[in-house]
Amino acid sequence: MARRKKIYEGKAKTLFEGPEPGTIVQYFKDDATAFNAEKRDVIEGKGVLNNMLSEYFMNGLTQIGVPNHFIRRLNMREQLVRACEIVPLEVIVRNFAAGSMAKRLGIEEGTPLPRPIVEYCYKDDALGDPLVSEEHIAAFGWASQQDMEDILSLALRVNDFLSGVMFGVGIKLVDFKIEIGRVYEGDYQRLIVADEISSDSCRLWDMETGQKLDKDVFRRDLGSLTDAYSEVARRLGVMPKGATPMKPTLIN
């Protein structure tokens with residue numbers, strides 16, 4: 001097979017031109033970063049787990065009518081997705097106080113919020129993805145008012161879905177972040193869920209023990225990140241019990 005053209009390489013994924021027009025191949029790396037990439041490591045098998053988990057969640061969203069970029073998984077580390085124009089925002093949905101919100105507002109971690117709170121960060125690694133308001137978003141033209149209404153609706157629908165799925169396997173969905181893409185069908189624009197949904201992008205706690213099963217394990221040196229992600233995958237039935245995530249593989 002001919003080597004594919006690289007489009008973009010981020011902290012956790014590499015994007016390549018897809019086999020058909022309007023498609024992209026998304027490759028999940030084993031790289032782990034935290035604190036705006038100040039902390040780095042390579043976690044064996046992380047890319048495989050995130051690929052499988054993102055496939056699981058995106059397929060679930062498709063089944064309930066939430067539009068997203070996922071087409072199909074190609075292999076253990078790659079998936080075919082629809083090309084889209086990414087809105088330059090990280091959309092964060094919080095059900096419990098944790099992480100930066102707990103620190104910023106002085107709220108004890110784990111405190112239930114009165115309702116899901118949606119926050120927005122401007123996607124810029126050099127700036128540390130700063131928190132922004134809807135006023136900033138409108139003033140700088142990152143998204144229209146109609147876009148923001150659609151983004152909020154998508155975010156809350158994803159939250160309902162993920163919360164229910166996680167609750168069913170004894171996991172508390174503390175918070176998560178998603179990215180939104182624009183696709184064009186003639187003159188018509190549609191917003192879809194893009195990027196990934198995985199243990200990298202969610203904060204997940206065991207409902208009984210409070211054990212962290214997400215990237216905080218890496219951020220706070222709480223043990224094996226692979227074990228934490230594998231536990232989530234096993235509970236969801238994505239990975240059979242006793243299976244071991246694959247080692248890194250060469251990219252075409």
Side-chain angles (χ1 to χ4, degrees), residues 10-13 28-54 56-57 90-113 116-131 155 158-159 162-163 165-167 169-179 195-236 238-239 244-245 247-248:
K11 290 176 284 190
K13 292 183 297 298
F28 288 76
K29 304 194 295 185
D30 281 345
D31 300 49
T33 62
F35 311 118
N36 200 26
E38 291 180 10
K39 182 176 183 179
R40 295 173 176 270
D41 202 352
V42 176
I43 311 295
E44 186 177 298
K46 182 177 86 75
V48 172
L49 289 163
N50 282 344
N51 184 23
M52 295 168 68
L53 285 166
S54 195
Y56 176 87
F57 292 129
E90 289 185 348
V91 183
I92 303 165
V93 183
R94 301 184 183 276
N95 299 306
F96 298 84
S100 61
M101 170 186 255
K103 183 177 181 180
R104 187 171 70 243
L105 301 180
I107 304 174
E108 183 179 355
E109 276 210 328
T111 301
L113 300 175
I117 293 178
V118 181
E119 297 180 330
Y120 306 97
C121 289
Y122 177 54
K123 278 179 57 63
D124 189 313
D125 287 342
L127 299 175
D129 300 327
L131 190 70
V158 173
N159 187 46
L162 291 180
S163 295
V165 168
M166 292 302 182
F167 182 84
V169 294
I171 295 175
K172 181 186 295 184
L173 179 66
V174 177
D175 57 40
F176 67 93
K177 66 180 179 181
I178 55 173
E179 293 185 17
D195 192 46
E196 69 175 298
I197 301 176
S198 70
S199 296
D200 263 8
S201 58
C202 301
R203 192 170 264 117
L204 307 169
W205 297 354
D206 181 270
M207 293 183 70
E208 293 187 2
T209 67
Q211 178 188 0
K212 292 177 172 56
L213 301 170
D214 55 67
K215 201 173 177 180
D216 276 346
V217 172
F218 173 70
R219 292 188 187 99
R220 304 181 186 185
D221 297 315
L222 299 177
S224 167
L225 190 65
T226 304
D227 288 350
Y229 286 17
S230 295
E231 177 64 18
V232 175
R234 289 189 186 103
R235 291 195 194 188
L236 293 170
V238 173
M239 190 173 76
T244 302
K247 295 181 179 181

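The first residue in the sequence is number 1, and the count goes up from there.
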Heavy atoms of D214 and C202 approach each other most closely as CB-O, 3.2 Å
Quick one, S230 and L49 - any side-chain contact, counting heavy atoms below 4.5 Å? yes
Which atom pair, heavy atoms only, marks the closest approach of D227 to S224? N-OG, 3.0 Å
Looking at every non-hydrogen atom in both residues, tell me the closest pair between D124 and P130 and how far apart they are. O-CD, 4.5 Å
For D221, give me all partners under side-chain hydrogen bond (donor to acceptor under 3.5 Å, both in side chains), at least two apart in sequence or on another chain. K39
pair L204-V232: side-chain heavy atoms closer than 4.5 Å: yes
Who are the side-chain hydrogen bond (donor to acceptor under 3.5 Å, both in side chains) partners of S199, not counting sequence neighbours? none
What residues form a side-chain contact (heavy atoms from CB on, under 4.5 Å) with E90, not counting sequence neighbours? C121, K123, D129, K177
Please round to the nearest 0.5 Å and tell me the distance separating atom CG of L127 and atom OH of Y122. 7.0 Å
Quick one: salt bridge (Lys or Arg N to Asp or Glu O under 4.0 Å) partners of E231, sequence neighbours excluded? R235
Closest non-hydrogen atoms of Y229 and L213, given as atom of the first, atom of the second and distance, are CD1-O, 4.1 Å
Could you pull out all residues at least two apart from K13 that satisfy side-chain hydrogen bond (donor to acceptor under 3.5 Å, both in side chains)? D195, E196
Euclidean distance, I197 CD1 relative to E179 CD, rounded to 0.5 Å: 11.0 Å
Give me the atom names and distance for the closest heavy-atom approach of A12 to K46. CB-NZ, 4.3 Å
Could you pull out every donor-acceptor pair under 3.5 Å between side chains of residues 98-106 and any protein atom, sequence neighbours left out?
| residue | atom | partner | partner atom | Å |
| --- | --- | --- | --- | --- |
| S100 | OG | R94 | NH2 | 3.1 |
| R104 | NH2 | E119 | OE1 | 3.4 |
| R104 | NH2 | E119 | OE2 | 2.5 |

With sequence neighbours left out, write down each residue that passes ring-ring contact (aromatic ring centres under 6.0 Å, His included) with F96, or none if nothing qualifies. none
Does R220 have any salt bridge (Lys or Arg N to Asp or Glu O under 4.0 Å) partners at least two apart in sequence or in another chain, and if so, which? E109, D216
Restricting to side-chain contact (heavy atoms from CB on, under 4.5 Å), what partner residues turn up for D41, sequence neighbours left out? I43, F218
Using the side-chain contact (heavy atoms from CB on, under 4.5 Å) criterion, which residues pair with N95? Sequence neighbours excluded. P116, N159, S163, L173
side-chain contact (heavy atoms from CB on, under 4.5 Å) filter on N51, not counting sequence neighbours, yields F28, R73, Q79
From CG (D31) to CG (D200), nearest 0.5 Å: 10.5 Å
Working to the nearest 0.5 angstrom, can you tell me the gap between I171 CD1 and Q211 CD? 9.5 Å
K215 side-chain N/O to T33 backbone N/O, donor-acceptor pair under 3.5 Å: yes
Report yes or no: does S54 contribute a side-chain atom to a donor-acceptor pair with the main-chain N or O of N50 at less than 3.5 Å? no
Does any non-hydrogen side-chain atom of Y120 lie less than 4.5 Å from one of I92? no
What's the separation between atom CG in D30 and atom CD in E44, rounded to the nearest 0.5 Å? 7.0 Å
For D125, check salt bridge (Lys or Arg N to Asp or Glu O under 4.0 Å) against everything at least two apart and list the hits. K11
Closest heavy-atom contact between A32 and L225? CB-CD2, 4.4 Å
